Amino acid sequence: MQETTIAILGAGAWGASLANLAAANGHAVRVWSRRGPSTLEAVLEDAQIVVSAISMKGVRDVASQVQSLPLLKETIFVTATKGLDPQTTSTPSQIWQTAFPNHPVVVLSGPNLSEEIQQSLPAATVVASSVAIAAELTQLVFSSHRFRVYTNPDPVGVELGGTLKNVIAIAAGVCDGLQLGTNAKAALVTRGLTEIIRIGNFWGAKTETFYGLSGLGDLLATCNSPLSRNYQVGYQMAGGKTLTAILFNLPGTAEGVNTCQVLMRLAKQQNITMPITEQVYRLLQGEVTPRQALDELMLRDIKPEYNY
Ligand SMILES: NC(=O)c1ccc[n+]([C@@H]2O[C@H](COP(=O)([O-])OP(=O)(O)OC[C@H]3O[C@@H](n4cnc5c(N)ncnc54)[C@H](O)[C@@H]3O)[C@@H](O)[C@H]2O)c1
Ligand SMILES: O=P(O)(O)OC[C@H](O)CO
């Protein structure tokens with residue numbers, strides 16, 4: 001394909017990996033970070049694609065900075081952040097779409113542990129948008145022999161899969177940290193997926209999307225890898241460390257900590273049952289120990305697996 005000019009916002013682990021993938025495909029890539037040498041204006045100049053790989057806490061502010069700068073009429077926004085806005089419960093793509101109503105927004109999400117991608121190990125991901133041609137262009141830009149990119153027409157489902165699994169990944173870290181075994185982990189991940197689908201459907205996401213790469217795929221990657229920062233939060237809490245100490249030493253962002261708070265608030269408001277998320281929330285708040293959280297989950301009222 002033709003060379004595309006790409007601005008990557010955020011030079012953390014994921015922004016750097018996405019920049020490398022696009023540059024390896026021969027595209028002109030410029031990277032902006034709040035402490036980097038280039039101005040936002042210079043990085044955005046003539047960009048056909050703007051990729052946001054900023055932690056959730058910075059998305060709203062950066063989107064509003066970009067609003068005041070010149071852009072091409074046809075610029076596509078690609079969001080790769082996996083989080084929820086604490087004030088509004090908006091997803092990152094909703095923030096970008098509200099800020100840029102006349103530009104297509106694409107969600108990029110999948111089982112993509114950046115350290116593996118930096119080692120050139122093979123991986124797959126999903127690009128989703130209500131504007132099919134924008135997703136297809138993004139697919140072309142990032143696809144390679146080591147990064148297989150699928151399109152999907154359910155952006156909210158793709159985005160929520162990547163976001164909500166972070167809370168279950170914290171629980172999976174606790175499960176492994178307490179050495180609860182493979183049966184427990186399988187039960188946790190499967191019931192976690194049920195919980196994700198329950199609240200995801202409330203958001204308007206399609207159930208099938210959660211069985212794909214950006215849902216189950218990312219859940220499996222994150223719940224099974226010590227490379228996941230969210231998994232590390234749970235694992236180290238099971239080992240007796242405090243959340244503050246863990247976050248202080250963690251390389252990069254564990255979005256699940258904030259996502260869990262937002263989710264719990266929404267689940268309570270909407271009366272949606274999310275038992276695993278609730279126990280992760282109580283653990284992060286210091287209201288229960290990892291063992292107490294486990295007991296609470298195991299001793300819930302018995303019930304059918306599904307309400308058909
Ligand atoms: N690392 C991964 O494996 C991976 C993979 C897929 C998705 N993600 C998601 O991508 C996002 C970024 O993750 P990461 O691993 O690169 O995190 P990181 O902590 O390594 O980098 C975060 C980036 O966001 C920037 N940032 C943070 N707050 C900001 C603010 N207020 N204003 C401007 N910039 C700000 C930081 O400067 C940094 O460039 C997260 O939402 C994460 O869930 C990460
Ligand atoms: O390190 P984590 O827990 O943010 O996970 C990174 C990616 O989301 C995995 O797909």
Side-chain angles (χ1 to χ4, degrees), residues 7-21 31-40 43 50-66 78-86 91-93 95-96 107-119 121 123-127 142 147 149 158-174 176 196 212-236 246-260 262 280:
I8 308 258
L9 311 185
W14 194 216
S17 303
L18 288 169
N20 287 343
L21 286 168
V31 179
W32 174 82
S33 86
R34 57 188 163 160
R35 298 194 186 97
S38 312
T39 65
L40 190 51
V43 168
V50 174
V51 179
S52 165
I54 293 160
S55 309
M56 188 66 235
K57 61 180 189 296
V59 170
R60 192 170 280 285
D61 177 45
V62 173
S64 93
Q65 289 182 54
V66 176
V78 177
T79 166
T81 303
K82 295 176 175 175
L84 291 172
D85 183 41
T91 67
S93 73
I95 294 174
W96 285 104
V107 172
L108 186 153
S109 191
N112 298 152
L113 295 154
S114 61
E115 276 193 48
E116 292 190 359
I117 287 169
Q118 292 287 32
Q119 291 168 40
L121 292 170
T125 204
V126 183
V127 289
F142 285 101
F147 199 59
V149 185
V158 168
E159 195 168 33
L160 288 175
T163 295
L164 305 185
K165 59 82 191 172
N166 284 333
V167 176
I168 307 302
I170 295 175
V174 172
D176 285 357
I196 288 173
L213 282 170
S214 58
L216 179 60
D218 205 0
L219 190 63
L220 290 176
T222 319
C223 289
N224 288 312
S225 176
L227 291 177
S228 157
R229 287 82 48 96
N230 290 288
Y231 173 97
Q232 280 298 335
V233 168
Y235 189 86
Q236 293 182 35
I246 297 164
L247 294 180
F248 184 76
N249 291 308
L250 201 69
T253 312
E255 297 278 19
V257 174
N258 287 323
T259 298
C260 188
V262 182
V280 172

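Please read these numbers as outputs of a predicted model, since none were measured by experiment. Just follow the structure's listing: the first ligand is 1, and inside any ligand the first atom is 1.
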Ligand 2 atoms in contact with Gly110 (distance to a heavy atom under 4.0 Å): 10 (O)
Any N or O of Arg35 closer than 3.5 Å to N or O of ligand 1: no
Region of Leu113 that comes within reach of ligand 1 [heavy atoms, distance under 4.0 Å]: backbone
Contact partition for Ala16 relative to ligand 1, non-hydrogen atoms under 4.0 Å: neither
Ala13 N/O to ligand 1 N/O under 3.5 Å: yes
Proximity of Leu9 to ligand 1 by residue part, where a heavy atom lies under 4.0 Å: neither
Per-atom contacts of ligand 2 with Asp218, taking only distances under 4.0 Å to non-hydrogen atoms: 9 (C), 10 (O)
Gly83 near ligand 1 by a heavy-atom separation under 4.0 Å: no
Numbered atoms of ligand 2 (with element) below 4.0 Å of Asn230, judged on heavy atoms: 2 (P), 3 (O), 4 (O)
Thr222, Thr259, Asn166 screened by side chain to side chain donor-acceptor pair (under 3.5 Å) with Asn230, the one that passes: Asn166
Polar side-chain atom of Thr81 near backbone of Ile54 as donor-acceptor pair, under 3.5 Å: yes
Side chain, backbone, both or neither: Lys165 near ligand 2, heavy atoms under 4.0 Å: side chain
Lys82 contact mode with ligand 2 (heavy-atom cut-off under 4.0 Å): side chain
Ala53 contact mode with ligand 1 (heavy-atom cut-off under 4.0 Å): backbone
Short N or O distance, Asp61 and ligand 1, threshold 3.5 Å exclusive: no
N/O separation below 3.5 Å, Ser33 to ligand 1: no
